[in-house]
Each structure stands twice: as structure tokens, then as C-alpha cells.
A.B. asks: 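Dropping the structure in here first, questions after.
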Amino acid sequence: PEFEYLGSSIVVIFKPGIQENIIKSYIELTDKEKKIVDYIKKHGKITSMDIQKMFKVSRAGANLFLKKLIKKDIVVKNGFSRSTYYLLKE
């Protein structure tokens with residue numbers, strides 16, 4: 001981003017591209033999806049088990065949240081089986 005100083009204010013300018021897509025995508029997320037994204041930002045990654053505990057849902061329910069975030073191009077899957085975790089897409 002670019003920063004422009006206007007007296008006592010700072011204006012942040014995002015150039016079209018990745019940042020714009022991330023911001024637009026974040027705005028379009030449900031509250032629960034935003035909570036998942038915020039968790040990943042804070043902890044670096046998330047697992048299906050983390051989501052199960054967070055929302056008191058089954059493994060299938062947690063995986064549905066993750067599939068939607070993958071489809072929206074927000075997160076990527078890493079690992080397989082019991083070692084699977086999810087990161088924010090860069």
C-alpha cells in the first residue's frame with residue numbers, strides 16, 4: 001500500500017491486485033468465516049478440529065466451512081489426513 005500524509009490524517013492507498021482482492025473477499029465473508037480468517041491471522045494456521053471446537057460443529061461441518069473458504073480463494077490446504085491444516089492464501 002501507499003501512504004499519503006494530509007496534515008493530521010494518513011490516507012492508505014491500496015493498488016489493484018492482491019490486497020484489493022483480499023479486502024473484497026473479506027468483506028463478502030460470513031461472520032463465522034471472518035472468525036476463521038482472524039484465527040489464522042493470529043495463530044498462523046487452523047485445523048478442522050480448531051473449527052469444531054470454535055463453533056461446536058461436527059468434522060463434516062468444519063470441513064464445509066473450509067471448503068467454502070478454499071472455493072472463495074481465501075485459504076489453502078496443506079498436508080493430508082490427520083496432519084492437514086489450512087493457511088491464508090498469499
Side-chain angles (χ1 to χ4, degrees):
E2 292 180 16
F3 299 92
E4 191 175 312
Y5 300 95
L6 303 172
S8 62
S9 300
I10 299 174
V11 176
V12 181
I13 303 166
F14 291 97
K15 293 186 176 187
I18 295 173
Q19 296 96 346
E20 183 179 84
N21 291 338
I22 291 170
I23 292 168
K24 183 185 283 186
S25 297
Y26 187 81
I27 291 170
E28 296 172 355
L29 297 179
T30 67
D31 289 341
K32 288 184 177 182
E33 289 170 338
K34 286 179 182 179
K35 191 169 181 179
I36 292 168
V37 170
D38 292 340
Y39 183 97
I40 298 171
K41 286 179 182 177
K42 182 176 180 182
H43 299 280
K45 65 181 179 179
I46 197 164
T47 65
S48 177
M49 181 62 72
D50 294 327
I51 294 171
Q52 290 175 56
K53 291 177 183 176
M54 190 182 304
F55 300 126
K56 297 181 179 22
V57 296
S58 66
R59 181 171 52 188
N63 288 337
L64 185 58
F65 282 115
L66 292 163
K67 285 179 185 179
K68 287 180 181 178
L69 288 169
I70 290 169
K71 186 175 181 178
K72 292 179 180 183
D73 215 23
I74 302 292
V75 301
V76 292
K77 181 179 178 180
N78 284 286
F80 60 95
S81 191
R82 297 180 141 227
S83 63
T84 302
Y85 61 95
Y86 300 82
L87 303 170
L88 291 177
K89 187 169 184 179
E90 295 195 22

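Note that these values count all heavy atoms, side chains included, but never hydrogens, waters or copies made by symmetry. All figures in this text were calculated on a predicted structure; none of them were measured in a lab. The first residue in the sequence is number 1, and the count goes up from there.
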A.B. asks: Taking the side chain as every heavy atom from C-beta outward, state whether Lys41 and Val37 have any atom pair closer than 4.5 Å.
C.D. replies: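 They are in contact (side-chain heavy atoms under 4.5 Å apart), so the answer is yes.
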
A.B. asks: Would you give the length of the straight line joining atom CD1 of Ile36 to atom CG of Leu66, rounded to the nearest 0.5 angstrom?
C.D. replies: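 It comes to 6.0 Å.
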
A.B. asks: How would you list all residue pairs meeting ring-ring contact (aromatic ring centres under 6.0 Å, His included) that involve residues 56-81, not counting sequence neighbours?
C.D. replies: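 Pairs touching residues 56-81 that pass the test: Phe55-Phe65.
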
A.B. asks: According to side chain to side chain donor-acceptor pair (under 3.5 Å), who are the partners of Asn78, at least two apart in sequence or on a separate chain?
C.D. replies: none

A.B. asks: If you define the side chain from C-beta out and look only at heavy atoms, does anything of Thr47 sit under 4.5 Å from Thr84?
C.D. replies: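 Answer no - side chains too far apart.
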
A.B. asks: I'd like to know whether Leu69 forms a side-chain contact (heavy atoms from CB on, under 4.5 Å) with Tyr86, so could you lay out the CA-CA distance, the side-chain angles of the two residues, the decisive distance to 0.1 Å, and finally the verdict.
C.D. replies: CA-CA 10 Å; Leu69 288 169; Tyr86 300 82; over 6 Å; no

A.B. asks: Say you draw a straight line from NZ of Lys32 to CD1 of Ile51; how long is it, rounded to the nearest 0.5 Å?
C.D. replies: 11.0 Å

A.B. asks: Looking at CD1 of Ile74 and CD1 of Ile70, how far apart are the two atoms once the value is rounded to the nearest 0.5 Å?
C.D. replies: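 Nearest 0.5 Å value for the CD1-CD1 distance: 11.5 Å.
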
A.B. asks: Show which residues join Val76 in its hydrophobic cluster (side-chain heavy-atom contacts under 4.5 Å, direct or indirect), or state none.
C.D. replies: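 Taking Ile, Leu, Val, Met, Phe, Trp and Tyr as members, Val76 shares its hydrophobic cluster with Tyr85, Leu87.
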
A.B. asks: Any non-hydrogen side-chain atom of Ile46 less than 4.5 Å from a side-chain atom of Met54?
C.D. replies: yes

A.B. asks: Got a second to check how far Asn63's CG is from Lys77's NZ, nearest 0.5 Å?
C.D. replies: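 Between Asn63 CG and Lys77 NZ, I get 7.5 Å after rounding to 0.5 Å.
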
A.B. asks: Kindly give the heavy-atom pair with the smallest separation between Gln52 and Ser58, and that separation in Å.
C.D. replies: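 For Gln52 versus Ser58, the nearest heavy atoms are CG-O, 3.7 Å.
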
A.B. asks: Are Lys72 and Glu28 close enough for a salt bridge, meaning some N to O gap below 4.0 Å?
C.D. replies: no

